[in-house]
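Worth knowing before you read on, the calculation uses all heavy atoms, side chains too, and leaves out hydrogens, waters and symmetry mates.
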Amino acid sequence: MAALHISYLFDWHHFKVEAEPLIQAADAGDAARVRDRAAEITGELRFQGQEWILDNPWSNPLPDLARWVTPLNPEQIGICFLVVLTTHLSESPASLLADWPLLNAGLSALGWSERDTAILTKGWATGALLRPDGIGDPLLRPDLTLDLLRYNFAWRVTTTYGDVGWLDTATVYQMRERLIPIRDQLAYLSEEQLQRAGPAATIRSLLTAHDRALIMLSAAVETNRGLFMTTS
C-alpha cells in the first residue's frame, strides 16, 4: 500500500504560546506539567467518546499518560507534546493522499528543487517548532542515534509511524502562490517525465494532486493557519 499524506490545519501560533511554559518546565526537569496536560486531553477524549485526531490504522493506541511516572524519557515527553499539539489541529478539506510522490515528480520536471518539493510535501521538522533557535536547517530530520539529539525531546514530537512535519503561515502562502500559475504547465508534461513516481503515473492524477495541494494550502491561508502533515 502506498504511503498516505494527510494534512491538518494547524494553529501553530497558539500551540507555541501553550507549549512555551511546558518546554521551560521540561527543560528544568519538570516534565510532569506536560504529562498532566496531555493526560487531561486524552482523558477528555475518552470521556466524550471521541477519537484522537491522529488516530489511524497505522498508529498505536494512545497510552494511559496519567500512569506515566516521572522522570519521563525524551520519547515520552515528545509524545506528550504531540498530544498537546493535536488540540490545535482541525481537519483539512484536502490532503495529497497517495499522490504526493507524483506531485513531487511533476514539480521536479518543472524545475523545482528537491528542497522545495520536500517543503511542500514534508514540511519543517518538529524540532524547529519547539526549538526554532536550536537547529540549523529546519527541513532536516535528525539522526536520532546521535547522543546530542537522542536525549532532546524536541525531536521526539512525532508519531510512531511514518513522518510528520509542519508549515508556518508565511510558507503556506508562498507555496500556494507558486502552485497557482503552473497547472497548465503540469498539464503539458509527458507521462515519461513522471515515471519516477511509478509506472501508473498519469497527467490526470498529477493535476488532481495539484488541485488537492491548492485546496489544502488555500484553506490554511483563508483561516490564517499553518499546516501539520503526516506521511504514513
Peer 1: Please answer whether the main-chain N or O of E191 pairs with a side-chain N or O of T202 as donor and acceptor at a distance below 3.5 Å.
Peer 2: no

Peer 1: Are there more than 12 heavy atoms of other residues, nucleotides or ligands under 6.0 Å from atom CD of Q50?
Peer 2: yes

Peer 1: Only counting residues at least two apart or in another chain, list the ones meeting side chain to side chain donor-acceptor pair (under 3.5 Å) with Q24.
Peer 2: E20

Peer 1: Mind checking the CG-CG spacing from L186 to L179? Nearest 0.5 Å is all I need.
Peer 2: 8.0 Å

Peer 1: Between atom OG of S92 and atom CD1 of I6, what is the distance when rounded to the nearest 0.5 Å?
Peer 2: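 Here the interatomic distance stands at 9.5 Å.
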
Peer 1: Considering only NZ, NE, NH1 and NH2 on the basic side and carboxylate oxygens on the acidic side, decide whether R67 and D64 come within less than 4.0 Å.
Peer 2: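 Yes.
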
Peer 1: Minimum heavy-atom separation for A201 to L194, with atom names?
Peer 2: CB-O, 3.7 Å

Peer 1: Return a table of donor-acceptor pairs under 3.5 angstrom between the side chains of residues 214-223 and protein atoms on other chains or two or more places apart.
Peer 2:
from : atom 1 : to   : atom 2 : distance (Å)
S218 : OG     : L214 : O      : 2.8
T223 : OG1    : A219 : O      : 2.8
T223 : OG1    : A220 : O      : 3.4

Peer 1: Which heavy-atom pair separates L65 from A38 by the least distance, and what is that distance?
Peer 2: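 Nearest pair, atom of L65 first, then A38: CD1-CB, 3.4 Å.
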
Peer 1: Yes or no on side-chain contact (heavy atoms from CB on, under 4.5 Å) for D36 and E40, after CA distance, side-chain angles and deciding distance?
Peer 2: CA-CA 6 Å; D36 292 347; E40 177 187 17; over 6 Å; no

Peer 1: Please answer whether the main-chain N or O of P181 pairs with a side-chain N or O of R183 as donor and acceptor at a distance below 3.5 Å.
Peer 2: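 No, the answer is negative, given that no donor and acceptor are paired below the 3.5 Å cut-off.
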
Peer 1: With sequence neighbours excluded, what pairs up with T159 under the side chain to side chain donor-acceptor pair (under 3.5 Å) test?
Peer 2: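 Partners of T159 by the side chain to side chain donor-acceptor pair (under 3.5 Å) criterion come out as none, since no residue qualifies.
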
Peer 1: side-chain contact (heavy atoms from CB on, under 4.5 Å), that's the test. Do I182 and L107 meet it? Break it down for me.
Peer 2: CA-CA 9 Å; I182 64 170; L107 296 176; 3.5 Å; yes

Peer 1: Could you report the tightest heavy-atom contact between M229 and H5, atom names first, then the distance?
Peer 2: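 Looking at all heavy atoms of both residues, the shortest contact is SD-NE2, 3.4 Å.
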
Peer 1: Quick one: CG on L120 to CD on Q174, what's the gap to the nearest 0.5 Å?
Peer 2: 12.0 Å

Peer 1: Could you list the residues that satisfy salt bridge (charged side-chain N to carboxylate O under 4.0 Å, His left out) with R212, not counting sequence neighbours?
Peer 2: D99

Peer 1: Does the side chain of L139 reach to within under 4.5 Å of the side chain of R141, using non-hydrogen atoms?
Peer 2: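 L139 vs R141: side chains touch.
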
Peer 1: Around atom NE2 of H13, are there more than 12 heavy atoms from other residues, nucleotides or ligands closer than 6.0 Å?
Peer 2: yes

Peer 1: Are more than 12 heavy atoms from other residues, nucleotides or ligands located less than 6.0 Å from atom CD of E114?
Peer 2: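 No, the 6.0 Å shell around CD holds no more than 12 heavy atoms from other groups.
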
Peer 1: Ignoring hydrogens and geometry beyond distance, is a side-chain donor-acceptor pair present between T86 and W52 at under 3.5 Å?
Peer 2: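 Yes, a side-chain donor-acceptor pair sits under 3.5 Å.
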
Peer 1: Side chains of L96 and T231: closer than 4.5 Å at any heavy-atom pair?
Peer 2: no

Peer 1: Looking only at heavy atoms, what is the nearest atom pair of T117 and S108, with distance?
Peer 2: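 For T117 versus S108, the nearest heavy atoms are CG2-OG, 4.1 Å.
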
Peer 1: Does any non-hydrogen side-chain atom of L54 lie less than 4.5 Å from one of V164?
Peer 2: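 The answer is no; the side chains never approach within 4.5 Å.
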
Peer 1: Looking only at side chains, do W12 and D168 share a donor and an acceptor under 3.5 Å apart?
Peer 2: no

Peer 1: The test is side-chain contact (heavy atoms from CB on, under 4.5 Å); show your working for L9 and L89 and say whether it passes.
Peer 2: CA-CA 6 Å; L9 304 180; L89 301 182; over 6 Å; no

Peer 1: With a 4.5 Å heavy-atom cut-off, do T230 and D163 have their side chains touching?
Peer 2: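 Counting from C-beta outward, T230 and D163 never come under 4.5 Å.
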
Peer 1: Can you give me the closest heavy-atom contact between L207 and A187, atom names plus distance?
Peer 2: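 Minimum heavy-atom separation between L207 and A187: CD2-N, 3.9 Å.
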
Peer 1: Main chain of S7, side chain of S95: is a donor-acceptor contact present, judged purely on distance under 3.5 Å?
Peer 2: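 Answer holds: yes.
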
Peer 1: Can you tell which of L22, L72, I23 makes a side chain to side chain contact (heavy atoms under 4.5 Å, CB included) with I77?
Peer 2: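 Among the candidates, only L72 passes.
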
Peer 1: Identify whether NZ of Lys or CZ of Arg in R225 sits under 6.0 Å from the centre of the six-membered ring of Y8 and within 45° of that ring's axis.
Peer 2: no

Peer 1: Working to the nearest 0.5 Å, report the span between CH2 of W155 and CG of L130.
Peer 2: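 CG of L130 is found 10.0 Å from CH2 of W155.
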
Peer 1: Taking I119's backbone N and O only, do any of them form a donor-acceptor pair with W124's side chain (distance below 3.5 Å, no angle check)?
Peer 2: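 Not confirmed, W124 side chain does not pair with I119 backbone.
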
Peer 1: Could you pull out all residues at least two apart from H88 that satisfy ring-ring contact (aromatic ring centres under 6.0 Å, His included)?
Peer 2: F15

Peer 1: Please check if the side chain of T87 supplies one atom and the backbone of V83 the other of a donor-acceptor pair under 3.5 Å.
Peer 2: no

Peer 1: Compare all side-chain heavy atoms of I180 with those of R176 and state whether any distance is below 4.5 angstrom.
Peer 2: yes

Peer 1: Between D27 and R131, is there a salt bridge with N-O shorter than 4.0 Å?
Peer 2: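 Result for this pair is yes, salt bridge flagged.
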
Peer 1: What do you reckon, is CZ of R115 surrounded by more than 12 foreign heavy atoms closer than 6.0 Å?
Peer 2: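 More than 12 heavy atoms, drawn from other residues, nucleotides or ligands, come within 6.0 Å of this atom.
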
Peer 1: Using the side chain to side chain contact (heavy atoms under 4.5 Å, CB included) rule, pick out the option among L82, L129, V84, I79 that qualifies with V157.
Peer 2: L82

Peer 1: Check whether L85 and V17 end up in the same hydrophobic cluster, where Ile, Leu, Val, Met, Phe, Trp and Tyr are linked by side-chain heavy atoms less than 4.5 Å apart.
Peer 2: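 Looking at the clustering, V17 is in a separate group from L85.
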
Peer 1: Determine which pairs satisfy ring-ring contact (aromatic ring centres under 6.0 Å, His included) with at least one residue from residues 203-230, sequence neighbours left out, and list them in order.
Peer 2: F10-F228

Peer 1: Looking at every non-hydrogen atom in both residues, tell me the closest pair between F81 and A26 and how far apart they are.
Peer 2: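 That would be CE1-CB, 4.5 Å.
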
